[in-house]
There are 2 protein chains.
Amino acid sequence: MKIQPLLDYMSKYISLTDHEVTLLKSKLVYRKYLKGQFILQQGDVCKYACFVVSGCTKTFHVDEQGLEHIIMFSIEDWWTSDMGSFITQTPADFNVQCLENTELIMFSYDTIEELYRQIPKLERFFRQIIERAFVASQKRIIRSFSLSAKERFLYFRNQYPKIEQRIPQYMIASYLGITKEFLSKIKSQLIIEQ
Amino acid sequence: MKIQPLLDYMSKYISLTDHEVTLLKSKLVYRKYLKGQFILQQGDVCKYACFVVSGCTKTFHVDEQGLEHIIMFSIEDWWTSDMGSFITQTPADFNVQCLENTELIMFSYDTIEELYRQIPKLERFFRQIIERAFVASQKRIIRSFSLSAKERFLYFRNQYPKIEQRIPQYMIASYLGITKEFLSKIKSQLIIEQ
DNA sequence: CAGTAATGTTAAACTAGTTTAACATGATTT
DNA sequence: AAATCATGTTAAACTAGTTTAACATTACTG
């Protein structure tokens, strides 16, 4: 289990004793997925909150018309899960699929409450992680209201330069809430403008 | 201080001893605002996370073109704050304004860390509150992608029947991300369809 | 390495939602 | 009671983004 990336990440929020690290390790699941595999399928109950050690995933929702809407991408040092399904143990709104071979450290719903009891500091850690995720989600709502598709694309390109080259363009369009044709148009406009 | 509504609300998540309630009480701020008053202004640092005891607030963002976008309404038993500004103590993206005379119980940034230390259970309480807020925010993103303006309006009307009658229509339009003119059109279409 | 599937581009016709402006209504102030 | 202001409606012209379809390109797969 490559646990070091997670420990480095956690050390930014809390400090764990050796004994706590051992305890934590014993409750975690380490798993490798291949490109294309689903970590979670819409309608299933989400059993794991996952930390991405390596690789890339997309989280997406399929609406009633069968259209795919990408909510987020997750790469190294990010989290991926359907938080709503995880915390309430009800059917997921999202699919999570690997866009590359991906290694995950998974916190299972069945053991996380026990972990909180044994290591109360984790309660603090997860509160802070979720605060950040919530803030990012709210900022995204602001952008969807107040920016045009072109401005949203420029923001995306700036914020995730690494992801832009790793994934197909139609997925970026889906993340931006536009069609791949319109993204194509925006990009050719941007080239002309220069 | 009308603290009972907050205690009732908290009892759904954690149970506090009498001593803890006394401690908590001593750290809270209770305040009344008049209709129209601002609890927070965009650009200021948010010092308080507020529980609404009575009244109604709107949380909105003013974009670079000066257009107002309503992010949420908060009524009795809801929270209101700019979480991003509160946790990072950086300038707020949002304004929070009272739509009615409003009574709040306010958790100050300066005392909340101390409270977490003295009553570790609060860490758990806020983790759960923020989890829920995050999930609500993500569901709103799904709706903005996968529903038409008409469907979003029907969803709003269904989810917040009490709020619909308490506030002006142009604020509902702003919440839905459309113009008041288009909301007017949607409503007249809905009447014709019946 | 040929054939098929997945991805990306261009362009024309279309539609959801905006903008502007004129007018109606009710509430608040003088 | 008149005047002003905030809110709400209607309608016409407009625009951002979609849909459809044809074609180009890249990348798997047998």
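In what follows, chains are A, B, ... by sequence order, proteins preceding strands, each numbered from 1. The analysis underlying the following values was restricted to heavy atoms, covering all of them including side chains, and did not include hydrogens, waters or symmetry mates.
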Sugar-phosphate only, base, or nothing, as touched by A:F182 at under 4.0 Å among non-hydrogen atoms: base
A:P168 side-chain proximity, nearest of C:dT18, C:dG8, C:dT9: C:dG8
Separation of D:dT26 C1' from A:Y170 OH (nearest whole Å): 14 Å
Value in whole Å for how far the P atom of D:dA12 lies from CD of B:E181: 15 Å
Length of the line joining A:F153:CZ and C:dG8:P, which is rounded to integer Å: 12 Å
B:E164/B:K187 ion pair, N-O < 4.0 Å: no
Which nucleotide in D:dT10, C:dG17, D:dT9 has an atom nearest any side-chain atom of B:K187: D:dT9
Any B:S184 side-chain N or O less than 4.0 Å from OP1/OP2 of D:dG8: no
B:R152 CZ - C:dA16 P separation (whole Å): 13 Å
Donor-acceptor contacts under 3.5 Å from residues 85-93 of chain B side chains, at least two apart:
unit_1, atom_1, unit_2, atom_2, d
B:S85, OG, B:C46, N, 2.8
B:S85, OG, B:T90, O, 2.6
B:T88, OG1, B:G84, O, 2.6
B:T88, OG1, B:T90, OG1, 2.7
B:Q89, OE1, B:K47, NZ, 3.1
B:Q89, NE2, B:C46, O, 2.9
B:Q89, NE2, B:F86, O, 2.9
B:D93, OD2, A:K139, NZ, 2.7

For atom CG of A:L176 and atom C1' of D:dG17, their distance in whole Å: 13 Å
A:K180 NZ to D:dT18 C1', straight-line distance once rounded to whole Å: 11 Å
OP1 or OP2 of D:dT18 under 4.0 Å from side-chain N/O of A:T179: yes
Sidechain-backbone polar pair: A:E151 side chain, A:S148 backbone, donor-acceptor under 3.5 Å: yes
Comparing A:I186 and A:K35 on DNA chain D - which has the more 5′ nearest nucleotide: A:I186
Rounded interatomic separation in angstrom, taking CZ from A:F145 and P from D:dA16: 19 Å
More than 12 heavy atoms from other groups under 6.0 Å of CD on A:E64: no
Interatomic distance where CD1 belongs to B:I178 and P belongs to C:dT19 [whole Å]: 12 Å
